[in-house]
Each structure stands twice: as C-alpha cells, then as structure tokens.
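Every value quoted in this text rests on a predicted model; they were computed, and no experiment measured them.
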Amino acid sequence: MAGEPVNVNEFQELARQALPKMYYDYYTGGAEDQHTLKENVEAFCRIIIRPRILVDVSRIDMSTTILGHKTSAPIMVAPTAMHKLAHPEGEVATARGAAACDVIMGLSYMSTCTVEEVASSCNAVRFFQIYVYKRRDITALMVHRAEKNGFRAIILTADTPRLGRREADIKNKMVAPQLKNFEGLISTEYVSDKGSNIEAFAAGAFDASFCWKDIAWLKSITKLPILIKGVLTSEDAIKAIEAGFAGIIVSNHGARQLDYAPATISVLEEVVLAVQGKVPVFFDGGVRRGTDIFKALALGAKAVLIGRSVVYGLAAKGERGVKQVIQMLKNELELTMALSGCCTVYDITRSHVKTEKEMLHCRM
C-alpha cells in the first residue's frame with residue numbers, strides 16, 4: 001500500500017503484511033460461514049443519515065461521560081485478546097495509545113500483559129473484562145487484582161459458555177501462549193490434535209453452567225459497576241436490568257461466536273427501547289467509520305467499542321498505530337456531526353437516521 005493509510009480500513013492490509021498468517025487469521029476471522037462477520041459491517045450501509053443544514057457548527061464537542069467518567073469522544077477500546085501476538089509491547093502499547101487519545105480502554109481477561117503492567121503503563125480510566133472460569137477462585141482473584149490496580153468497572157462477557165467454531169483457527173492449529181495473568185494458577189498452553197488450541201483451552205476452563213442466578217455471586221465479589229457484554233435481544237436486556245447491571249453492551253462478540261446471529265446495529269434499537277433509559281447502552285461490532293459511530297449514537301448507544309481496528313493499528317505501527325486509528329475515527333465523527341448539523345453528541349437524535357425497515361415501510 002503506497003503512502004500512509006487515510007482510513008481505518010486500510011490498516012487491515014498493513015496488519016496482514018505485518019503478521020504471520022496464523023495470527024492475522026485469528027484476529028480477522030469469524031465463526032463458521034462468517035455471515036454475521038460480513039453483516040456486522042454491511043448492515044451499517046443500509047442505514048442512511050438525515051442531515052440538518054444551516055446550523056452553526058463552528059464548534060463541535062464530541063465529549064461525553066461513561067459511567068461518570070469524562071471522555072473525549074463516545075469511543076471505547078474493546079477488550080480483545082492477546083495483543084502481543086500483534087506487537088511485542090502488547091496491551092501496554094494499546095493502553096498508552098488509548099490514554100493519549102483520552103478514551104477508555106477495556107482490558108481483556110485474556111491479555112498477554114498483566115493487569116499490573118497495564119495499570120502502571122499510564123494514567124487513564126480503564127475497565128476490565130472477564131470470563132467466568134469453572135474455577136471461580138481464579139475469576140474472583142482477577143476481579144480483585146483489577147479493583148486493586150485502579151480499574152473502574154468490570155465487563156462480563158456473557159455470550160461464551162463455549163467458544164464459537166472459528167474454522168481458520170482450526171485449520172491453522174492456532175496456538176495460544178501462556179498468559180502471564182494466570183501464571184501459577186492455570187495453564188493456558190493446551191495441546192490439541194483436533195485443531196485450535198485456544199478452543200481446547202476454553203472447553204476446559206470456561207464455566208458453561210454460569211447463568212443469571214450466578215450474577216449475585218459476581219456482584220458480591222466487587223464494589224465496581226458491572227457491564228454485561230453480549231446482549232442481542234430485548235428479553236435479555238430486561239433480564240440484565242433486573243439483575244442489576246450498570247450498563248449493557250450490545251455485541252455478538254465480533255461475529256466470532258454464533259454465526260447467523262444478527263448484526264449488532266440491526267438489534268441496537270430493540271435493546272435501547274427495552275432498557276427505557278434505566279442504564280446506558282453501549283455498542284460493539286462492525287464500526288469502521290465515523291458515520292458508523294454517528295448511526296449507533298442516533299439509534300441510542302451511549303458510546304461504541306472498537307476492537308479489530310485497534311489491533312490492526314497496533315500490528316501495523318504499535319502505539320502510534322493505535323493512536324492513528326482512534327484519531328481517524330474521532331476526526332470522521334467530528335466531520336459527520338458538522339455535516340449533519342450536530343454540535344454535541346447530545347444533539348444526535350433518532351430523527352438523524354433512517355433504517356432499512358423504515359425505508360421499506362415508506363415504499364409500501
């Protein structure tokens with residue numbers, strides 16, 4: 001690719017050039033036929049923006065608050081696993097890049113840098129994502145370490161009783177390194193002759209029995225607010241409210257779990273309407289442009305999470321690439337707001353977009 005990338009999508013090709021095929025496939029791949037993986041991005045194309053003209057947009061303010069924490073834009077770095085496969089500095093570089101852009105980072109339970117290393121790397125607001133293991137003591141210990149090291153919230157990933165079938169990882173016999181967070185607690189170096197070693201590890205470690213009644217246990221081990229990630233239906237949104245979660249992340253796990261689950265942007269409004277403003281709703285999945293962020297905000301999201309794009313930036317250029325990806329999205333969002341007549345994120349309303357369903361209804 002000649003010259004510097006001019007949009008986030010171009011970082012994917014740079015990442016492909018920089019990474020071994022096994023690792024590139026791990027980051028880019030989805031479940032099975034990858035239908036939902038494609039839909040996560042393409043569903044945005046079926047939503048149009050309805051701009052307002054002759055508005056004074058000489059000053060644009062993208063700042064917002066997330067769980068009471070001021071942030072420069074409605075953008076968060078999604079918790080994604082094993083950043084050292086993308087770059088030697090791993091999650092520390094990602095954390096510094098996010099902090100430099102004044103956005104909140106979610107650190108993955110499956111990070112290749114420790115909770116302590118990330119916490120000491122820079123001063124910033126961070127959330128910690130967890131899975132629940134069969135050995136609940138390990139999950140409890142990790143939550144306590146996050147709390148002790150200044151993390152401000154817990155993100156429970158709730159859509160992974162088992163790992164989705166990621167066929168590229170099976171073909172590549174994907175190997176996971178021993179994760180430093182779990183040294184002395186559990187081995188993450190599984191050997192399987194059936195394909196992905198990550199799948200073999202997850203099958204042995206993840207607690208497939210964890211369910212709604214167990215949320216009380218999770219709440220009992222931390223004073224931090226807990227977000228639930230993986231909600232795709234109004235039914236589960238209502239249960240999440242009843243269980244006392246501080247917020248909901250609409251997510252299909254980057255289309256890596258259940259193929260033919262809906263594209264997240266197509267169900268965002270369903271969840272927002274079910275929640276009725278009782279807790280903030282966040283959005284994860286398929287964001288590649290500032291216009292995507294604008295559309296998600298118009299449909300009721302408080303902020304969006306970006307995952308793969310950040311990893312592509314990290315793989316291509318380390319901390320600088322992370323900063324470039326986040327800044328590109330911020331710049332695009334600012335321009336979209338200006339061209340749509342919105343001076344602040346609070347000016348972005350449902351009337352600023354029209355969905356595919358609404359357009360079909362107009363034609364009838």
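- For Y109 and F151, the gap between ring centers reaches or exceeds 6.0 Å.
- Taking 4.5 Å as the limit, some side-chain heavy atom of L268 sits within range of a side-chain heavy atom of V281.
- Between the side chain of D56 and the backbone N or O of S58, at least one donor-acceptor pair lies under 3.5 Å.
- Distance CD/E117 to CG/L107: 10.5 Å, rounded to 0.5 Å.
- Annotation: side chain of K302 is not in contact with side chain of F283 (no heavy-atom distance under 4.5 Å).
- Using modelled atom types and a 3.5 Å distance limit, the side chains of Q12 and Y24 yield a donor-acceptor pair.
- D25 CG to M174 CE: the interatomic distance, rounded to the nearest 0.5 Å, is 9.5 Å.
- Put simply, the side chain of Q17 never gets that close to the backbone of L14: no donor and acceptor are under 3.5 Å apart.
- One N or O on the side chain of S111 and one on the backbone of S108 form a donor-acceptor pair closer than 3.5 Å.
- Taking the six-membered ring for Trp and thresholds of 30 and 60 degrees, F245 and W212 have ring planes more than 60 degrees apart, a perpendicular arrangement.
- Evaluation of the salt bridge (Lys or Arg N to Asp or Glu O under 4.0 Å) test over residues 226-252, restricted to residues two or more places apart or in two chains, returns K229-D284.
- One N or O on the side chain of N7 and one on the backbone of E10 form a donor-acceptor pair closer than 3.5 Å.
- Salt bridge annotation for R96-E91: absent, with no cationic side-chain nitrogen under 4.0 angstrom from a carboxylate oxygen.
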Fill in: Evaluation steps, salt bridge (charged side-chain N to carboxylate O under 4.0 Å, His left out), between R165 and E32
CA-CA 6 Å; R165 183 175 173 83; E32 296 184 353; 5.2 Å; no
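- In the hydrophobic clustering of ILVMFWY residues, with side-chain heavy atoms under 4.5 Å counting as a link, M110 and L185 come out together.
- Shortest non-hydrogen contact noted between C113 and K84 is SG-CE, 3.6 Å.
- In this structure, M62 CE and L333 CG are separated by 5.5 Å, a value rounded to the nearest 0.5 Å.
- With hydrogens and angles ignored, the 3.5 Å screen pairs no side-chain donor or acceptor of N149 with any backbone N or O of E116.
- Without hydrogens or angle criteria, R256 side chain to L163 main chain gives no donor-acceptor distance under 3.5 Å.
- Within a 6.0 Å radius of CG in N123, other residues, nucleotides and ligands contribute 12 heavy atoms or fewer.
- Taking the side chain as every heavy atom from C-beta outward, M328 and S309 never approach each other to under 4.5 Å.
- Hydrophobic clustering, defined by side-chain heavy atoms of Ile, Leu, Val, Met, Phe, Trp and Tyr closer than 4.5 Å, groups L67 together with I66, M76, I104, V125, F127, I155, L227, I249, F282, L305.
- Nearest heavy-atom pair, A263 versus N252, reported as atom, atom and distance to 0.1 Å: CA-ND2, 4.0 Å.
- Exactly one residue among R136, K134, R135, R162 makes a salt bridge (Lys or Arg N to Asp or Glu O under 4.0 Å) with D207. That residue is R136.
- Put simply, the side chain of Y131 does not reach to within 4.5 Å of the side chain of T139, judged on heavy atoms.
- Here the closest non-hydrogen pair linking M22 and N172 is CE-O, 3.0 Å.
- Under 4.0 Å is where a charged nitrogen must lie from a carboxylate oxygen, and between D102 and K70 no such pair does.
- To the nearest 0.5 angstrom, T28 atom OG1 is 9.5 Å from L19 atom CG.
- Between the D259 side chain and the T36 main chain, a donor and an acceptor come within less than 3.5 Å of each other.
- In this structure, CG in L258 is found 11.0 Å from OG1 in T160, a value given to the nearest 0.5 Å.
- In terms of heavy atoms, A315 sits closest to A18 at O-CB, 3.6 Å.
- Under a hydrophobic clustering in which Ile, Leu, Val, Met, Phe, Trp and Tyr are joined whenever their side-chain heavy atoms come within less than 4.5 Å, directly or via other members, V55 and L335 fall into different clusters.
- Between E13 and R16, at least one side-chain nitrogen of the basic residue sits less than 4.0 Å from a carboxylate oxygen of the acidic one, meeting the salt-bridge criterion.
- Using a 4.5 Å heavy-atom threshold, the side chains of L232 and T264 count as touching.
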Worksheet item: What do the steps show when you test T233 against V267 for side chain to side chain contact (heavy atoms under 4.5 Å, CB included), and what is the final call?
Response: CA-CA 7 Å; T233 65; V267 295; over 6 Å; no
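- Hydrophobic clustering, with ILVMFWY side chains joined whenever heavy atoms are under 4.5 angstrom apart, groups L224 together with V132.
- A ring-centre distance under 6.0 Å is not found for F210 and Y133.
- The closest side-chain donor-acceptor pair between Q324 and E4 falls under 3.5 angstrom.
- S266 places no side-chain N or O within 3.5 Å of a backbone atom of P262 that could act as its donor or acceptor partner.
- A donor-acceptor pair under 3.5 Å is absent between the side-chain atoms of R126 and the main chain of R152, judged by distance alone.
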Worksheet item: Checking side chain to side chain contact (heavy atoms under 4.5 Å, CB included) for the pair I326/I306: CA distance, chi angles, key distance, verdict?
Response: CA-CA 9 Å; I326 297 169; I306 50 173; 4.2 Å; yes
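- Closest of all the heavy-atom pairs between R52 and S351 is NH2-OG, 2.7 Å.
- Taking the side chain as every heavy atom from C-beta outward, C343 and M337 never approach each other to under 4.5 Å.
- Here CG of L297 is found 11.5 Å from NE2 of H352. Values are rounded to the nearest 0.5 Å.
- Nearest heavy-atom pair, S121 versus V92, reported as atom, atom and distance to 0.1 Å: CB-CG1, 3.7 Å.
- A salt bridge does not link R288 with D292: none of the charged nitrogens is closer than 4.0 Å to a carboxylate oxygen.
- Looking at T112 and H83, their side chains never bring a donor and an acceptor atom within 3.5 Å of each other.
- No more than 12 heavy atoms of other residues, nucleotides or ligands lie within 6.0 Å of NZ in K148, so this atom counts as exposed by the packing criterion.
- Under the 4.5 Å side-chain criterion, counting only non-hydrogen atoms from C-beta, I49 is in contact with K295.
- With salt bridges taken as basic N to acidic carboxylate O contacts below 4.0 Å, none links K223 and E147.
- I241 and I238 end up in different hydrophobic clusters when Ile, Leu, Val, Met, Phe, Trp and Tyr side chains are linked at under 4.5 Å.
- At a cut-off of 3.5 Å, with distance as the only test, a side-chain donor of H253 or D159 sits close to an acceptor on the other residue.
- With contacts defined as side-chain heavy-atom distances shorter than 4.5 Å, the pair F128/M142 qualifies.
- At a threshold of 4.0 Å, the pair E39-R46 counts as salt-bridged, since one of the basic side-chain nitrogens sits closer than that to a carboxylate oxygen.
- For the pair R59 (side chain) and V57 (backbone), a donor-acceptor distance under 3.5 Å is absent.
- Under 4.0 Å is where a charged nitrogen must lie from a carboxylate oxygen, and between E269 and R350 at least one such pair does.
- Take K330 and apply the side chain to side chain donor-acceptor pair (under 3.5 Å) test, not counting sequence neighbours, and it matches S72.
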Item to complete: Take T80 and Y27 through the test side-chain hydrogen bond (donor to acceptor under 3.5 Å, both in side chains) and record every step on the way to the result.
Response: CA-CA 9 Å; T80 51; Y27 289 128; over 6 Å; no
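- A continuous path of Ile, Leu, Val, Met, Phe, Trp and Tyr side chains, each step under 4.5 Å between heavy atoms, connects M105 with I130, placing both in one hydrophobic cluster.
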